[in-house]
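Inspection log for the structure reproduced underneath, given as structure tokens.
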Amino acid sequence: MSESSQPVRVRFAPSPTGRTHLGSGRTALYNYLLARQTGGQFILRIEDTDRKRYVPGAEDELMQSLRWLGLEWDEGPDVGGPYGPYRQTERKEIYQKYARQLVESGHAYYCFCPEPETDETDEPWQRCQHREDCPDRDLPLDQADARRSAGEEHVIRFKMPYEGSITVTDAIRGDICVENSTLDDTILVKSNGLPVYHLAVVIDDHLMEITHAIRTSEWLPTFPLHGHIYKAFGWDQPVWVHPSIFLKPDGKGKMSKRDSEALSEEGKSTFLSDFAALGYLPEAVVNWMALIGWSYDDKTEFFTLADLIEKFSIEKLNPAPAAINFSKLDHFNGLHIRELDTADLAARIRPFFEQAGYPISDDEKLHQVADVLKIRLGSLAEAPEKGGFFFEEEVHPEPESLVGKKMTAAESLEMAQRIEQIIVSLPDFSEETANHPLRDLAEELGLKAGHVFGFLRNAITAREVSPPIFETMTIIGREKVLERVEKAILKLEKIAEER
RNA sequence: GCCCCCAUCGUCUAGGGGACUAGGACGCAGCCCUUUCAAGGCUAAAACGGGAGUUCGAAUCUCCCUGGGGGCACCA
């Protein structure tokens, strides 16, 4: 509770180049938590300066995903705010003005070198690194301006000092010192006039008065460059925080497109917009991803968003890369499902039943089903599979499943008939009234209670596993129970005859 | 190849010189509960990468090695 008790201004700044990933979700989450914890602002900024990779619709998908997680932003392209515009392509003039300032102060230069052939060098490090070999690096500004106004194509490059070193500071790693000789004259403004990330991020963070910049450790290699740009402008830097990246479940490298595709084939995903359909609660996803690279103490793992807002701290961020673990997500999903109140759960499983072809008309029944399913659901998507029979008009058990273990069909038939009699004869049908008579029946016939209940389970649900049979029968109702038991008896009669 | 980051059970982690016979969680195995399945409870197996230092004392500090990860675009 040191620096973070002052209201922060943080931003989540994705580029709309594809679907939103789990890793982005976590970065957004951490930003959000810090903002809410300190009463500061959470800003959404769209970094869309790469027109080639721009994907229409990505921005909508992104915003929907963040809102699904519950991460509402205070300023952004759709909600506006006093520091807009919040879409970088709409800030082009701003960048050009500051880039020019950098050139005039001698920290950057116009470079007229043609773009190198996109030669098929597989190794990125073999490409032109553009340092001493650039003839334009020390071109007098008036000459450069003349060539520009003559329409000559150019970019603006940062003029990296040949000597010396720079130290930048990451909140979770400490100081990072790099020799300038290992750095490049990186392009700041492309020939189309749009800035690259390195320039835009510095200018925007400064102008938007960002106090804490949280981004993944992929940015560590270019962090020193950003330090140089800040220095060139003479601006103060925000507190930099670089949570480490997520590794694939096997811990070998970060997720690639191929990996994502492989995951979706096993019914998993790292795309935020997939989790809802897979039956995951946003509460669980939030809990899960918060804990990949961050921890609170040595025992607490269950967190709501509100808990996280209260407990999150930069100090407890782990600098090491972390593998994602889907079984842990399943675990958290189960925990959060069980935390839901029944009406809430009912509302959340309803679409899954409907999508599976079970039209739900009886709200009271849905509520009862939700109640009984609550401790059995690892995911909302399992609801139809585990409770679909509650909504089926008829059920079709395998005849053989009605024959008890180590019992003959005739014995099973007799048992079934006696069960039916009991259910019919009861003045009032409930667990209290039916339990003992049914158990007594088992004893009388020299059977185990499991035989009786097993038969009922198969007859009524047409499956081997179900919620406890009395709860199940109560929901289905005595009338329907009897109907299904009678049908089961018919099947048993048939089997018994054939033998 | 060059630069940067990192290093505790299979995985996520607690730990920041003595409280460590290294704790928790997931998963896994067993047991209990039990009409099935779960949920819940209990138990087990499971880790400080290696080597030098510093220190009375190192999982904790330093260095080297090894290993892992990231980056090296007119992408972010």
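So you know, we letter chains A, B, ... as the sequences are listed, proteins then strands, and number each from 1. In this text the structure is predicted, and so the values were computed from the model without any measurement.
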Taking only the side-chain heavy atoms of [X] (C-beta and beyond), determine which of [options] contains the nearest atom.
X	options	value
A:Arg338	B:G40, B:G70, B:A76	B:G40
A:Pro221	B:U35, B:G70, B:G69	B:G70
A:Leu335	B:C26, B:G40, B:C75	B:G40

Rounded distance (Å) that lies between atom C1' of B:G15 and atom CG of A:Asp297: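 The answer, rounded to whole Å, is 12 Å.
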
Separation of B:G40 P from A:Arg376 CZ (nearest whole Å):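 Atom-to-atom, A:Arg376 to B:G40, this comes out as 12 Å.
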
Base paired to [N] (Watson-Crick or G-U; both N/O distances under 3.5 angstrom):
N	value
B:U21	none
B:G10	B:C26
B:C61	B:G53
B:C2	B:G71

What nucleic acid atoms does [X] come within less than 4.0 Å of, heavy atoms only: base, sugar-phosphate, or nothing?
X	result
A:Gly293	sugar-phosphate
A:Lys405	nothing
A:Pro468	base
A:Gly253	sugar-phosphate
A:Phe332	nothing
A:Ser327	sugar-phosphate
A:Thr17	nothing
A:Glu218	sugar-phosphate
A:Ile245	sugar-phosphate
A:Asn318	sugar-phosphate

Answer with yes or no whether A:Lys328 presents, from its side chain, a donor or acceptor under 3.5 Å of a partner atom in the base of B:A25.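 Answer is yes: a donor-acceptor pair is held.
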
If only side-chain N and O atoms of [X] are considered, is one of them under 4.0 Å from the OP1 or OP2 phosphate oxygen of [N]?
X	N	answer
A:Lys316	B:G15	yes
A:Lys52	B:C74	no
A:Arg439	B:U35	yes
A:Ser217	B:C5	no
A:Lys190	B:A76	yes

Please verify the inter-ring angle class for A:His198 with A:Trp219; under 30° counts as parallel, over 60° as perpendicular, anything in between as tilted.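 If you compare the ring of A:His198 with that of A:Trp219, the planes turn out perpendicular.
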
Classify the angle between the aromatic ring planes of A:Phe302 and A:His336 as parallel (below 30°), tilted (30 to 60°) or perpendicular (above 60°).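 A:Phe302 and A:His336: parallel rings.
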
What integer number of Å spans the C1' atoms of B:G16 and B:U62?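 That atom pair is separated by 15 Å.
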
When A:Asp136 is tested against each of A:Lys159, A:Arg157, A:Arg147 for salt bridge (Lys or Arg N to Asp or Glu O under 4.0 Å), which residue passes?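 The passing option is A:Arg147.
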
Do you know which two heavy atoms are closest between A:Arg137 and A:Met160, and how far apart they sit?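 Shortest heavy-atom separation between A:Arg137 and A:Met160 comes out as NH2-O, 3.0 Å.
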
Does the separation of the ring centres of A:Phe12 and A:Tyr30 fall below 6.0 angstrom?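 For A:Phe12 and A:Tyr30, the ring centres are not under 6.0 Å apart.
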
Applying the side chain to side chain donor-acceptor pair (under 3.5 Å) criterion to A:Thr342, which one of A:Gln368, A:His367, A:Lys374 satisfies it?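 Checked A:Gln368, A:His367, A:Lys374 against A:Thr342; only one passes side chain to side chain donor-acceptor pair (under 3.5 Å): A:Lys374.
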
